[in-house]
Structure formats: structure tokens, C-alpha cells
2 protein chains.
Amino acid sequence: MRKAERLFQLVTLLRGRRLAITAKQLSETLEVSERTIYRDIQALMLSGVPIEGEAGIGYRLDRHFELPPLMFTSEELLALILGSKMVKTWGDSVAARGAVSALDKITAILPERLKQQDQSELLLVPEFLQNKNLAQLASDLRAAVESCLTINIEYQDEQKRFSSRNIEPLGLVYWGGKWTLIAFCLLRQDYREFRIDRIVSLTCLDIQFEKLETKSLKHYLSQFACHS
Amino acid sequence: MRKAERLFQLVTLLRGRRLAITAKQLSETLEVSERTIYRDIQALMLSGVPIEGEAGIGYRLDRHFELPPLMFTSEELLALILGSKMVKTWGDSVAARGAVSALDKITAILPERLKQQDQSELLLVPEFLQNKNLAQLASDLRAAVESCLTINIEYQDEQKRFSSRNIEPLGLVYWGGKWTLIAFCLLRQDYREFRIDRIVSLTCLDIQFEKLETKSLKHYLSQFACHS
DNA sequence: TCACTACTGACAGTTAATGTCAGTAGTGTT
DNA sequence: AACACTACTGACATTAACTGTCAGTAGTGA
């Protein structure tokens with residue numbers, strides 16, 4: 001079992017690093033010969049662990065193996081299932097995609113008892129409320145937020161009044177059933193909140209804006225929280 | 001590595017069973033001696049696997065180890081985080097509790113890159129919208145649904161009209177921001193849908209009702225889906 | 001008491017793992 | 001081209017770990 005323990009430790013050592021690590025360093029840490037490290041690395045690779053080794057550089061774990069496994073309780077899994085269903089229906093299309101595949105993984109390992117509890121569907125998030133176009137719009141907005149790109153939107157408000165604006169998108173908020181975009185409006189030189197389902201069109205302008213402490217989603221919401 | 005592989009297979013064999021399994025059966029399946037099985041079981045227990053052995057009965061895996069670890073991609077983890085935040089704010093209190101602890105586990109293993117993406121909070125589910133009383137009411141309703149218990153509710157509808165009814169609760173539906181209780185109303189002898197936030201009080205009656213194909217959440221929703 | 005099981009120690013034989021040594025090969029710098 | 005640094009492989013003597021058989025202990029239920 002000593003070797004099996006060492007293999008586990010090897011993966012842990014590789015997983016915690018950004019830079020490559022040499023066989024010599026590993027052998028010193030684990031107190032074995034370099035030859036043993038070479039054998040261990042080969043064993044791990046044969047069993048599917050994606051290790052990359054470069055002569056003159058050292059070893060690195062493929063980025064996708066960076067994430068360790070997670071252990072959840074029954075209660076946690078049922079909560080994750082419910083949350084995934086909410087994201088699937090109400091989230092932007094990127095998040096919805098992640099939720100669907102996570103949901104597949106979770107249901108694949110559910111024991112019969114929990115599977116029956118989930119499939120009894122006594123707690124339901126209806127799929128038919130899903131709006132694919134809105135989810136895609138939310139994804140595009142999210143990408144603009146993340147990239148700090150100024151955008152132009154055409155917007156139809158509650159009174160059906162039409163407007164076109166250049167805005168700096170700061171973030172998205174889920175109010176339960178409705179997402180809004182918080183942005184800094186270049187026309188009004190102030191924050192504005194837009195319901196995503198009322199955005200008629202969206203155009204990215206390829207103009208990058210600057211992030212500021214006093215011009216952010218957090219700053220906007222701190223004002224809102226004081227009111228309620 | 002043969003032994004390490006066998007240890008893995010042992011856990012898998014134990015995990016897939018409800019009834020206890022003897023060392024003799026395991027030795028025949030894995031084609032080793034019983035003495036080796038005793039050694040293997042001891043090695044697994046020393047490394048933390050919760051196996052229970054009873055003389056005259058056999059071995060069983062502690063129930064909490066029934067669930068294997070899960071491996072998620074970055075995209076899936078971010079979706080699970082978003083979903084957990086939704087459940088935390090909008091779910092019933094049991095689900096919210098599960099979501100909070102799942103969220104702790106996920107954030108504990110998040111690499112720096114993803115942690116920063118999550119903490120930038122460009123995609124927000126506000127916690128201040130959480131309603132603890134409503135979440136507790138939802139949990140009580142969920143328990144009644146699961147136990148098929150008839151309940152009495154006092155309800156105030158859209159027009160502020162007050163009513164008191166005995167109902168058989170069939171399930172809960174999340175419409176995005178609002179949950180409704182689907183129930184069979186004993187007064188009207190028909191389905192009725194109640195917004196949870198309009199339920200003034202709830203009393204369990206300790207009268208068990210019968211589940212039927214034609215008196216269920218699914219049946220009710222199949223009618224609704226045809227209308228839209 | 002008997003039948004069934006889990007459990008432990010001891011020991012000879014078997015198998016796996018280890019470190020040392022020698023050699024191959026790739027990359028970057030001088 | 002030579003050198004320094006690294007990854008890599010095969011061979012072999014030595015060491016460590018593992019295995020099955022055997023004998024014995026102990027718990028549970030009929």
C-alpha cells in the first residue's frame with residue numbers, strides 16, 4: 001500500500017502547482033529515487049491521469065485534471081439537482097449547458113432510493129418555461145460584462161417606449177424569474193437597470209470600458225439594499 | 001498494483017449492495033483466499049472506508065459511503081454554484097441547507113482562477129431576497145406532500161378574500177420567483193393551485209390520503225402544458 | 001451444542017518494488 | 001558543437017510486500 005499512497009500524494013503534489021516540477025524535486029519530497037518517480041509517473045499515466053512531461057522543464061498536470069473529486073451527502077445532491085433544474089430553465093445558455101451535464105453526472109450515480117425521490121417529481125421546475133432566445137441573449141450579455149465591452153441595446157420599457165442606448169454592462173441580477181442587466185448609461189451618465197426580456201436587440205461596440213469601485217454592480221446594489 | 005485494483009473492486013462490490021456479503025463470497029468473486037479478503041478489508045478500514053463487519057452476517061458499507069465521488073468540469077462547477085445560490089434564496093429551508101453546504105464544498109476546491117471568476121460577482125443572486133418564514137413553510141408543505149398528509153390552510157387570494165380549506169397537497173412548482181402548491185381541494189373536489197406566499201397558516205391533519213394516477217401533480221400539469 | 005460467520009498470527013513460498021548504473025533523447029544557451 | 005538541464009528506459013541484485021495454508025479465538029442465532 002506504500003506505493004498506492006505515494007501515487008495519491010504524487011497527484012496531490014502535481015495538482016497544487018501551476019509551474020512544472022522536476023522528477024528530482026518529487027524524489028526529494030517523497031524520499032524515493034528518481035527512477036521510482038519515473039515508474040510512478042508512468043503508472044499514473046497508464047491509469048489515465050493526464051500528466052505532461054517535458055525534457056528540461058519537468059512535469060505538469062493537464063489543466064482539466066486540476067479539479068479533485070467531490071463527495072456530497074444525499075441532502076446536498078438533492079439540492080444540487082433542484083438548483084441545476086433552476087439554472088437549466090432560468091439561466092443563460094452557457095450556465096444551462098453546464099447545469100445539464102452536471103445533472104447527468106449526478107443522476108448517473110444516484111442510488112435507487114434517491115433516484116426515486118427525485119423522479120417522484122413532487123418538487124418541480126417546469127422545463128417548458130425555458131426560453132432559448134432569452135438564454136442566449138443572457139449569455140451574450142454575460143460575455144460583454146466579463147470582457148468590459150460597451151454595448152448598444154434597443155430597449156422597450158414597461159410603457160412600450162422604445163429607446164436605443166450605448167451602455168457599459170456591469171452585471172446581471174436574478175430576481176427570481178427575471179434577470180436584469182445593471183449598466184452605466186452613457187446617455188444619462190448614471191446607472192440604469194434593464195429587464196433582459198425587454199431588450200429588443202444587442203450590438204457589441206468593441207469599445208472597452210474601465211472598471212471602477214464607484215461604477216460597479218456591487219456599488220449599485222449597495223444603494224438598493226439600503227432602500228429595502 | 002494488482003492489490004490496489006482489487007481494493008477498488010472491493011469498494012465497488014460493497015457499494016452496489018444493500019444486503020451484507022460474506023468474505024467467502026468476496027473471495028470467490030475476486031479469486032483470492034478469504035485470508036486475503038480479511039487483509040484487504042482491514043486495509044480499507046485503515047484508510048478510512050467505513051465498512052461494518054458482523055460475525056455470522058457479513059460485511060456492509062456504511063450508508064453514508066454509498067455515494068461515490070463526482071468529477072465536474074469548470075463549466076459544470078460554475079453552473080452548480082449559480083444553482084446553489086438560487087436554491088439558497090428561493091428554495092425551501094431543507095433544500096437551502098443542502099445548497100449552502102454543497103456550496104461550501106465546491107468553493108473549498110475551486111482553483112484560484114475559478115474562485116476569482118465566482119467572486120467577481122458579475123452574475124448575482126441577491127441573498128437579501130431570501131425569506132426564511134416562506135422557506136420554512138415550503139419545507140413543511142414538502143414534508144406533507146412526501147407523507148401524503150391532508151392539511152388545512154388559511155389562504156388569502158389576489159382579491160384579499162380569505163378562505164380555509166382541507167386539501168391534499170400533491171406537489172410544489174417553481175415558476176421563477178414564486179412557488180405554488182398544487183393540491184386536491186376537498187371542498188371543491190377538484191385541483192387547486194395556491195401561491196405559497198399567500199398561505200396564511202398551515203395545519204397538518206394526520207389524515208393520510210391516497211396517491212392516484214388521476215390525482216397527481218403530473219396529471220394536473222399535463223392539462224396545463226396543453227393550454228400553453 | 002452446532003453452524004455460520006468475522007478475525008488474528010505465523011510461516012514458507014511467491015510476487016512486486018526499489019535503487020544503482022548505464023545509456024538514449026530533447027531543449028535551450030553559449 | 002559542446003554543455004547543462006531535464007525526461008526516459010532497461011537490466012539486475014536486493015529488498016519489501018503479498019499470498020495461501022493452517023491453527024486458533026470470538027460472536028450470533030437456532
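We name chains A, B, ... by the order of the sequence lines, and we start the count at 1 in each one.
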Rounded to the nearest Å, what distance is computed from the CD atom of residue A:Glu54 to the P atom of nucleotide D:dA7?
11 Å
Measure the distance from CZ on B:Arg60 to P on C:dT5 and round it to the nearest whole Å.
15 Å
Salt bridge check: are A:Asp118 and A:Lys85 linked by an N-O gap of less than 4.0 Å?
yes
Base-contact (B) and sugar-phosphate-only (S) positions in nucleotides 18-27 of chain C, heavy-atom cut-off under 4.0 Å, - elsewhere
BBB-----B-
Please confirm whether the shortest side-chain N or O distance from B:Gln42 to OP1 or OP2 of C:dA6 is below 4.0 Å.
no
Applying side-chain hydrogen bond (donor to acceptor under 3.5 Å, both in side chains) to A:Ser101 and B:Glu76, what does each step give before you reach the verdict?
CA-CA 7 Å; A:Ser101 60; B:Glu76 287 162 353; 2.8 Å; yes
How long is the line joining CG of B:Leu30 and P of D:dG20, in whole Å?
11 Å
Residues B:Glu168, B:Lys215: salt bridge by 4.0 Å N-O rule
yes
Separation of A:Ile41 atom CD1 from D:dT9 atom C1', in whole Å?
15 Å
Within this structure, what is the CG-to-P distance between A:Leu7 and C:dA16, rounded to whole angstrom?
16 Å
Pairs involving residues 138-150 of chain A, ordered by first then second residue, that meet salt bridge (charged side-chain N to carboxylate O under 4.0 Å, His left out) (sequence neighbours left out):
A:Asp92-A:Arg142, A:Arg142-A:Glu146
State whether a side-chain donor-acceptor pair under 3.5 Å links A:Ser93 with A:Ser139.
yes
Are any of A:Tyr38's side-chain N or O atoms less than 4.0 Å away from OP1 or OP2 of D:dA7?
yes
For B:Leu30, all residues meeting side chain to side chain contact (heavy atoms under 4.5 Å, CB included), sequence neighbours excluded:
B:Arg6, B:Gln9, B:Leu10, B:Leu13, B:Val32, B:Ile37
Separation of C:dA6 P from B:Leu14 CG (nearest whole Å)
11 Å
Can you tell me how far P of C:dA17 sits from CD of A:Glu5, to the nearest Å?
14 Å
